[in-house]
Amino acid sequence: MRPNPVSNSIINNQMITRMALALRRNQNSLVQNVDRSYQDQFAQNGGKIGDTVNVRLPNDNVAIEGATVNPQGMQERSIPLVIDKRWNTSLSFTTQDRTLKVDRFAERYVAPSVNVLVGALAADLIGLSLQFSNLVRNVDSEGNTIVPSSNTWLRANAILSECNAEAANRYAILDPLSEADTVAGLMGMFNPAGEISDINRSGRMGSRLLGVSGWMQDNTVIVHETGSYDGQATATGAVNSFTPTGQVVPSANISSVASPHMSLISVSALNGGFKAGDIITITGVNRVNRITKQSRAIPMQFVVAQDVASGATSIPIMPALIPPNSDGSAALYQTVDSAPANGAKVNLIGKAGEVTRRNFIYHKKAMTLATVDLEMVTGATIDCGRDNLDGISLRTLTYYDGPVDVRGTRMDLLYGKAMLRPDWGVVVPSPTDDGF
């Protein structure tokens, strides 16, 4: 009887890597649905650029009425995408284990390893959702957050349109319990009949519902507790630009190399602090249409970019607060219809100390991710494999430890991530108290 060629063949690392990536394909949907435009710029043979690429953001000209030209001094903005994240997982097994059938090997070794590894990447990536600057809540009569309704999701999608996000490539990420609540709320809808029927049968959200390209379940959705701020602080009117490293830059200057997303607003001493991810408004400061620069008469929302302690007199926020020019004319990169007035109230969206699940709807180009091909190691190793699927580059390396007669295998990911457009994401919170 001829031996089974699958069960007796040695499984090499290229095969392991391909199996791992194929298993990952059905997990971590967020990883598959963020911008990957800049990945190819790293680790090119003969043209390596180091560990950082500055991602240019769209220019934002101002239209001027009439025949007279007034040249605009453009300042290009960019966001640094830094390859500084590294995750690995390792395992060891006998030669006998490496000759098991492929499906058994995948079940025992590859599946749990890749789940842990790519899950770590996904959990790290979803942390960027704390930088989304918009929030839409469904509340009860006492102002407590309750399960989002279809109207909540529709309004969240409308906010993306208010921020001039493209209509295509909008996705929603929900934790499992929030998805269950959302599905339950949609079962009474009559149209589109086919998709609602699929929801009823599967208990899962489908695609192209409520103007969203894809609804994805993710149990790494962040649980967030808002700060203890009491809602009484007021703005002083002073606004500066602010970089992630804490450097204050005069508001007239927009850095071309440091993040241009952040502003630092001066306020009266806070009673109670903010947590990074809290959403605030400032009375009298409204959104503008980013194309026409006309006021939308809707309070502009900002996300608190870093934890702020009680007693502090400034708050770092995203996106940058850029008012019109001093003469009232439209400004480059303008985001609001006016600067904060001295004495304008700073308002927390939601309740102080409230704990919610931060589901969100976002545009694919709000965030970017780049995974990089690690070097193929030779010589001291037994085997090294590397492959790429759906833009995820994974390297698997096997080495032999002679003194203990064990083969060890490690899987490695190298990547970087960046928030490109904080206003192209909208948090749709749901309560954590579901009766469990």
Side-chain angles (χ1 to χ4, degrees), residues 54 57 60 75-80 127-128 130-135 163 224 226-288 290 299-326 331-349 352 418-425 427:
N54 288 315
L57 299 181
D60 187 8
Q75 290 180 303
E76 284 199 324
R77 307 177 306 159
S78 62
I79 298 294
L128 284 177
L130 286 174
Q131 298 180 24
F132 285 144
S133 62
N134 300 300
L135 185 146
C163 296
H224 178 73
T226 55
S228 56
Y229 171 62
D230 69 353
Q232 298 305 307
T234 56
T236 67
V239 179
N240 287 290
S241 293
F242 191 69
T243 69
T245 59
Q247 179 186 6
V248 178
V249 183
S251 58
N253 300 327
I254 299 177
S255 172
S256 61
V257 293
S259 174
H261 285 328
M262 301 172 69
S263 288
L264 192 69
I265 57 171
S266 297
V267 296
S268 60
L270 301 176
N271 183 19
F274 287 109
K275 297 283 186 66
D278 287 351
I279 308 291
I280 65 172
T281 62
I282 305 169
T283 300
V285 178
N286 296 318
R287 297 182 185 275
V288 295
R290 298 295 287 273
M300 180 67 173
Q301 293 184 339
F302 303 94
V303 62
V304 177
Q306 301 172 2
D307 289 351
V308 181
S310 180
T313 56
S314 61
I315 308 171
I317 59 171
M318 300 168 67
L321 193 161
I322 304 175
N325 294 318
S326 57
L332 294 174
Y333 305 112
Q334 183 179 330
T335 58
V336 297
D337 63 358
S338 65
N342 186 12
K345 184 73 70 70
V346 177
N347 312 294
L348 173 67
I349 305 300
M419 174 63 71
L420 301 182
R421 297 173 177 85
D423 54 340
W424 280 19
V427 176

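The structure presented is a predicted model; accordingly, all values stated were derived computationally and were not measured.
No side-chain heavy atom of Q306 sits under 4.5 Å from any side-chain heavy atom of K275. Within the 4.5 Å cutoff, side-chain heavy atoms of Q301 are placed close to those of L135. Looking only at side-chain heavy atoms (C-beta outward), N347 and Y229 stay at 4.5 Å or farther from each other.
To the nearest 0.5 Å, atoms CG (L130) and CG (D278) are separated by 9.5 Å. Rounded to the nearest 0.5 angstrom, S314 OG and L264 CG are separated by 4.0 Å. Taking CG of D423 as the reference point, atom CZ of F132 lies at 10.0 Å (rounded to 0.5 Å). The distance from the CD1 atom of I322 to the CD atom of Q334 is 8.5 Å, given to the nearest 0.5 Å. R421 CZ to Q131 CD: the interatomic distance, rounded to the nearest 0.5 Å, is 14.5 Å. Rounded to the nearest 0.5 angstrom, N134 CG and W424 CH2 are separated by 12.5 Å.
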Subject >> Residues T335, R290; criterion side-chain contact (heavy atoms from CB on, under 4.5 Å); working and verdict >> reply: CA-CA 7 Å; T335 58; R290 298 295 287 273; 3.6 Å; yes
Report task. In sequence, state the C-alpha distance, the side-chain angles, and the governing distance for I315 and V267, and then conclude on side-chain contact (heavy atoms from CB on, under 4.5 Å). Result -> CA-CA 7 Å; I315 308 171; V267 296; 4.0 Å; yes
Margin query: Show, in sequence, the C-alpha distance, side-chain angles and deciding distance for I280 and F274, and conclude whether the side-chain contact (heavy atoms from CB on, under 4.5 Å) test is met.
Written below: CA-CA 10 Å; I280 65 172; F274 287 109; 3.6 Å; yes
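The residues D337 and R287 are annotated as not salt-bridged, no charged nitrogen and carboxylate oxygen being separated by less than 4.0 angstrom.
Here S338 pairs with nothing under the side-chain hydrogen bond (donor to acceptor under 3.5 Å, both in side chains) rule; sequence neighbours left out. In this view, V303 and S133, I279, M318 satisfy the side-chain contact (heavy atoms from CB on, under 4.5 Å) rule, not counting sequence neighbours. Listed by chain and residue number, A233, T234 satisfy the side-chain contact (heavy atoms from CB on, under 4.5 Å) test with S268 (two or more places apart in sequence, or in another chain). With sequence neighbours left out, D230 forms a side-chain hydrogen bond (donor to acceptor under 3.5 Å, both in side chains) with N271. Taking T236 as the reference, nothing meets the side-chain hydrogen bond (donor to acceptor under 3.5 Å, both in side chains) condition, with sequence neighbours excluded. A search for side-chain hydrogen bond (donor to acceptor under 3.5 Å, both in side chains) contacts involving D307 returns nothing, not counting sequence neighbours.
Looking at every heavy atom in both residues, A331 comes nearest to P323 through CB-O, 3.5 Å. Nearest heavy-atom pair across G311 and A269 is O-CB, 3.9 Å. Across G272 and S228, no two heavy atoms sit closer than the pair CA-OG, 3.4 Å. The two residues I282 and A344 make their nearest non-hydrogen contact at CG2-CB, 3.9 Å. Closest approach of L321 and S263 over heavy atoms only: N-OG, 2.8 Å.
Of the candidates V346, V239, I265, I317 forms a side-chain contact (heavy atoms from CB on, under 4.5 Å) with just one, namely I265.
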